[in-house]
Amino acid sequence: MASCKKLLSSTHFRPLPSSVLNSLRYIQLDTPFNPKDLKGLTTDLIKSYFDKGSIEEARSLFDEMPQRDVIAWTVMITGYTSCNHHKRAWNVFSNMLRDGVKPNAFTVSAVLKACKSLKALSCGELVHGLAIKIGTQGSSIYVDNALMDMYATCCDNMDNARLVFEDIVTKNAVSWTTLITGYTHRRDSYGGLRVFRQMFMEGGELSPFSFSIAVSACASIGSSNLGKQVHAAVINHGFESNLPVMNSILDMYCRCRCASEAKQVFGEMTQKDTITWNTLIAGFQTLDSKESLCIFSQMVSEGVSPNCFTFTSVIAACANLAILYCGQQLHGGITHRGLDNNLELSNALIDMYAKCGNVDDSHKIFSGMPHTNLVSWTSMMIGYGAHGHGNEVVELFNEMVRSGIKPDKIVFMAVLSACSHAGLVDEGLKYFKLMTNYYNVAPDQEIYACVVDLLGRAGRVKEAYELIENMPFMPDESIWVALLGACKKHKQPSMGKLAALKVLDMKPNKAGTYVLLSNIYAAEGNWADFASLRKLMRSTISKKEVGRSWIELKNQVYSFAVGDRFVSSNEEVCEVLESLVKHMKQVGYVLDLDCFVHDLEDET
DNA sequence: TTAGGGTTAG
């Protein structure tokens, strides 16, 4: 007769989870023990081991069970899926069937979760058949919802998930949420929102989960109008006090570029957590980087501890603003908190140092990373490319492929752009061919624009034009802009005229194109077209935004534009500039008058 | 013994 004492003396139970020890304290250890109770207790222990992540202990305990009932098998399946060992969960299920144990609704829903995670549609279909045979489908809402989730994840479309959903007699909140999520996860936000509306019309059970997903769907579409309607429904149904729902509303306003609404929601939120702050900081990083740094500072001063998400956003803000000193200070904070090893954060640091001009520091981060992913390599390549190190980019690409990472479109854009700027035309063309022929990455407008730029920048304007003519789709404005740039650089007025007219046809508001085209007319003495174009330009477009450059000096950012006159506070800068110009003239710099761009005001 | 949601990088 087994007793709890004997059970406790077994080597498998050291160390026992504290939760188990607590529960054992209430058991009479010296009383004879019923094997049935022992089975239940062992199953509880297996579950506790899985909760703790002690998979092997759970497994050996299960292996030694003399009799395993359906609950024990199901706990193993659930345990493995909860620890992301889905293949093992499936194997347990197969062994269970082989042992002749009949699954119940708990087993079926647990194994369907494993099928979903493995994206194993055929396994899921097999389980579906079994569920029908043993009569669990239609009698357990857990099974129905799990089936729907499996089909939504594993199928190419939502038809099967929808069929299961329609057959559920009493749909609960999870049924609705699972269906809405099925659509939104496959980027069909409108589909998800249609189900959300149907849920209202049919009087379905509302839950904060469905509101969060609906709000997130509005954000993906970028529709603040729809988002505001869902926001109103959130208030009407009393979900305004739910923190995750309000966090998703905050995110929606940021992603829909409604900065003032985001600020207002944030200000009115009575409860805030780290995610609330992170959402606002990440949102403002793209809307207004400087403001996102101010919000970060407010977060810290209010005693909220920043995490990897927070730092990734503020480091990206520093990259956008090219403020090295601030980025370095934040990097110190990251090291101090021991967040150095976070992959996404390291990727953001690579990008920040490169954009702030310190590509060597980017490489230090990159080479010190214990694990890298596609983004790490791409960030490093873009950094090197922007600094004119084309050969390093090509080397990195080859090294990345050797390490087993599959390149995507953005990597090829990085390689092509780097080759273009470094004059490695044939090398770039080789990668363009490899991209389609070997890596099965389909070239799109952006890739073609890179290749046109690659050829055009090197003076192979005719080849660039031939490439455009043979493109498998209609070239968009970016392609013609790339050709126009090449024509300007290599003085090809007739082709430049053609490219400029194409650009104006597609984007009539681009001031720079008018200026370039009118300069071409002026260069060939075609004053009639020059005058009419300038007239058209004045009536159709707004003033061209002036390009600016800036440097960071002693924790202060100095910004410059053509024609700036410096006031006395910038005397030092002025002196440096004058000496630079002097030096440039000494080494033979001559102003390129052909490229001189007439400002609108210059003509008046 | 079961299920569904919100924040990060190129």
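Please read all numbers here as calculations on a predicted model, not as lab measurements. Naming convention: chains lettered A, B, ... in sequence-line order (proteins, then strands); numbering from 1 in each chain.
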*How would you label the contact of A:Asn242 with the nucleic acid (heavy atoms, under 4.0 Å): base, sugar-phosphate, or nothing?*
base
*asked:* Any base atoms under 4.0 Å from A:Ala173, or only sugar-phosphate, or nothing? Heavy atoms, all strands.
replied: base
*Checking all strands, does A:Ser376 fall into the base, sugar-phosphate, or nothing category for heavy-atom contacts under 4.0 angstrom?*
nothing
*Which two nucleotides bound the region of DNA chain B that has atoms under 4.0 Å from heavy atoms of chain A, read 5' to 3'?*
B:dT1 to B:dG10
_By the 4.0 Å heavy-atom rule, please label A:Ile213 as base, sugar-phosphate, or nothing._
sugar-phosphate
*Contact class for A:Asp251 vs. all strands (heavy atom < 4.0 Å): base, sugar-phosphate, or nothing?*
sugar-phosphate
*For A:Val215, report the nucleic acid contact type (base, sugar-phosphate, nothing); a contact means any heavy atom under 4.0 Å.*
nothing
*Checking all strands, does A:Ile350 fall into the base, sugar-phosphate, or nothing category for heavy-atom contacts under 4.0 angstrom?*
nothing
_Applying a 4.0 Å non-hydrogen cut-off, can you work out what A:Val143 is touching in the nucleic acid: base, sugar-phosphate, or nothing?_
nothing
_For a side-chain hydrogen bond (donor to acceptor under 3.5 Å, both in side chains) check, start with the C-alpha distance between A:Thr310 and A:Asn307, then their side-chain angles and the critical distance, and finish with the verdict._
CA-CA 5 Å; A:Thr310 332; A:Asn307 63 14; 3.0 Å; yes
*Under 4.0 angstrom, heavy atoms only, what part of the nucleic acid is A:Asn307 near: base, sugar-phosphate, or nothing?*
nothing
_Side-chain ion pair, A:Asp63 and A:Arg59, N-O less than 4.0 Å_ = yes
*What does A:Asn104 touch in the nucleic acid at a heavy-atom separation under 4.0 angstrom: a base, only the sugar-phosphate, or nothing?*
base
*Decide side chain to side chain contact (heavy atoms under 4.5 Å, CB included) for A:Val411 and A:Met400; before the verdict, give the C-alpha distance in whole Å, the side-chain angles of both, and the deciding distance to 0.1 Å.*
CA-CA 10 Å; A:Val411 171; A:Met400 183 192 89; 4.2 Å; yes
_Let me confirm one number: the CD1-CE distance from A:Ile55 to A:Met76, rounded to the nearest 0.5 Å._
9.5 Å
*Taking NZ, NE, NH1 and NH2 as the nitrogens, is one of them in A:Asp361 or A:Lys364 under 4.0 Å from a carboxylate oxygen of the other?*
yes
*Which is true for A:Ser379 with a 4.0 Å heavy-atom rule: it touches a base, it touches only sugar-phosphate, or it touches nothing?*
sugar-phosphate
*Remember a base hit wins even if backbone is also touched, and classify A:Ile410 as base, sugar-phosphate or nothing at under 4.0 Å, heavy atoms.*
base
*Contact class for A:Asp69 (heavy atom, under 4.0 Å): base, sugar-phosphate, or nothing?*
nothing
*So A:Glu202 and A:Lys171, salt bridge (Lys or Arg N to Asp or Glu O under 4.0 Å) or not? Walk me through it.*
CA-CA 10 Å; A:Glu202 292 185 14; A:Lys171 300 165 178 75; 5.1 Å; no
*Base, sugar-phosphate, or nothing: which does A:Thr279 touch, judged by heavy atoms less than 4.0 Å apart?*
sugar-phosphate
*Run the ring-centre check on A:Phe106 versus A:Tyr142 and record whether the distance is less than 6.0 Å.*
no
